[in-house]
Asker: 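First, the structure itself, so that you have it in front of you.
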Amino acid sequence: MPVRPVKQADQKAWLAMRRALWPQCDPMRHQSEMGEIQNSSRQMALLCSDEAGAPAGFAELSLREYVEGCVSSPVAYLEGLYVKEGFRQQGLARQLVQVAEDWARGQGCAELASDTDADNLLGQEVHEKLGFDEAQRSVIYRKDILIGT
């Protein structure tokens, strides 16, 4: 199944898949981020389709100057990876990541990094099957502070 950069005509399908991957994200924010990706030389969105040309999955990439656990800069970062339910277990995620690696090399990157939530065991398994090595784990804390007291 072919993998190619997202085109203007793919907006509706791309948005639907983004909403499936990140359902908590506001639809307007999705639209804004999609526009940023398409207008940036430091970001890329890839789409894979089935034999009939129907969108089956996507990957989003960016260049980051620093990524914990990496030793080079810039680092290509896999911001999102999604394959529709009916197309999983067919190698599409692997194809998307292979094209992502090609893009990263073209940007002068020696590393491709990614992340997933600590409780997302499926995401961790997918990353490992795609050849990613765990670089580190962390727990991030936050605390509200009162202003003006």
Side-chain angles (χ1 to χ4, degrees), residues 1-7 10-27 29-143:
M1 294 190 200
V3 175
R4 60 170 174 76
V6 168
K7 298 176 184 173
D10 301 320
Q11 296 295 305
K12 186 175 179 182
W14 183 23
L15 176 60
M17 289 186 288
R18 276 183 127 249
R19 292 184 73 183
L21 180 58
W22 298 300
Q24 73 285 1
C25 185
D26 179 84
R29 183 173 173 195
H30 279 301
Q31 294 281 2
S32 174
E33 290 176 352
M34 290 164 64
E36 288 174 21
I37 291 167
Q38 289 195 295
N39 292 315
S40 172
S41 62
R42 295 183 58 82
Q43 297 180 77
M44 173 59 73
L46 302 169
L47 181 87
C48 66
S49 304
D50 67 8
E51 289 83 13
F58 77 96
E60 292 180 8
L61 301 146
S62 70
L63 295 178
R64 295 187 181 187
E65 293 307 313
Y66 173 77
V67 175
E68 291 183 32
C70 292
V71 297
S72 63
S73 181
V75 176
Y77 203 86
L78 184 62
E79 302 286 352
L81 178 64
Y82 178 79
V83 175
K84 287 182 176 179
E85 191 116 1
F87 296 98
R88 294 179 184 164
Q89 302 293 319
Q90 297 178 31
L92 296 183
R94 184 168 308 283
Q95 285 180 281
L96 284 161
V97 169
Q98 286 172 343
V99 175
E101 290 173 9
D102 292 341
W103 178 82
R105 275 188 286 278
Q107 303 300 310
C109 297
E111 294 175 282
L112 175 63
S114 185
D115 66 68
T116 191
D117 291 331
D119 61 348
N120 184 351
L121 300 180
L122 177 59
Q124 293 172 39
E125 180 182 339
V126 168
H127 278 84
E128 290 168 11
K129 285 183 178 180
L130 293 173
F132 286 88
D133 296 320
E134 184 176 316
Q136 70 182 52
R137 289 187 179 247
S138 63
V139 178
I140 300 169
Y141 293 92
R142 65 165 296 283
K143 179 179 181 179

Asker: Tell me the closest heavy-atom pair linking Cys48 and Val3, and the distance in Å.
Answerer: CB-CG2, 3.8 Å
Asker: Considering non-hydrogen atoms only, spot the tightest contact between Met44 and Pro5 and give its length.
Answerer: SD-CB, 4.0 Å
Asker: Sequence neighbours left out, what passes salt bridge (charged side-chain N to carboxylate O under 4.0 Å, His left out) with Arg88? Give chain and number order.
Answerer: Glu85
Asker: Quick one: pull up CG in Asp10 and CG in Leu46 and give me the separation to the nearest 0.5 Å.
Answerer: 11.0 Å
Asker: With a 4.5 Å heavy-atom cut-off, do Pro27 and Gln31 have their side chains touching?
Answerer: no
Asker: Quick one: list whatever passes salt bridge (charged side-chain N to carboxylate O under 4.0 Å, His left out) with Lys12, sequence neighbours left out.
Answerer: none
Asker: Looking at residues at least two apart in the chain, or sitting in another chain, which of them share a salt bridge (charged side-chain N to carboxylate O under 4.0 Å, His left out) with Glu33?
Answerer: Arg18, Arg29
Asker: If I take atom NE2 from residue His30 and atom CD from residue Gln11, how far apart are they, to the nearest 0.5 angstrom?
Answerer: 13.0 Å
Asker: Do Arg105 and Asp102 meet the salt-bridge criterion of a basic N to acidic O distance under 4.0 Å?
Answerer: yes
Asker: Examine distances only and state if a side-chain atom of Asp50 and a backbone atom of Ala52 form a donor-acceptor pair shorter than 3.5 Å.
Answerer: yes
Asker: Enter the distance from Gln124:CD to Asp115:CG here, rounded to the nearest 0.5 Å.
Answerer: 10.5 Å
Asker: Minimum heavy-atom separation for Tyr82 and Ala20, please, with both atom names.
Answerer: OH-CB, 3.4 Å
Asker: Got a sec, which pairs hit side chain to side chain donor-acceptor pair (under 3.5 Å) with one end in residues 61-73, sequence neighbours left out?
Answerer: Arg42-Glu65, Ser62-Glu79, Arg64-Glu79, Glu65-Ser73, Glu68-Gln136, Ser72-Glu111
Asker: Could you tell me which residues satisfy ring-ring contact (aromatic ring centres under 6.0 Å, His included) with His127, sequence neighbours excluded, listed by chain and number?
Answerer: Phe132
Asker: Is the count of non-hydrogen atoms from other residues, nucleotides or ligands lying under 6.0 Å from Gln89 atom CD greater than 12?
Answerer: no
Asker: Looking only at heavy atoms, which two atoms of Leu78 and Ala59 are closest? And how far apart?
Answerer: CD1-CB, 4.0 Å
Asker: Might you point out which heavy atoms bring Asn120 and Gly123 nearest each other, and give the distance in Å?
Answerer: OD1-N, 2.7 Å
Asker: Looking only at non-hydrogen atoms, find the nearest pair between Phe87 and Leu92 and report the distance.
Answerer: CB-CD1, 3.5 Å
Asker: Starting at CG of Leu61, measure out to CG of Leu81 and round the result to the nearest 0.5 Å.
Answerer: 9.0 Å
Asker: Please round to the nearest 0.5 Å and tell me the distance separating atom CG of Leu112 and atom CD of Gln107.
Answerer: 12.0 Å
Asker: Fit a plane to each ring of Phe58 and Trp14, take the angle between them on a 0 to 90° scale, and name the class: parallel (under 30°), tilted (30 to 60°) or perpendicular (over 60°).
Answerer: perpendicular
Asker: Verify, without hydrogens or angle tests, whether Gln43 (side chain) and Gln38 (backbone) share a donor-acceptor contact under 3.5 angstrom.
Answerer: no
Asker: Nearest 0.5 Å please: distance from the CG atom of Leu130 over to the CD atom of Gln98.
Answerer: 9.0 Å
Asker: The criterion is salt bridge (charged side-chain N to carboxylate O under 4.0 Å, His left out); which residues satisfy it with Glu101, sequence neighbours excluded?
Answerer: none
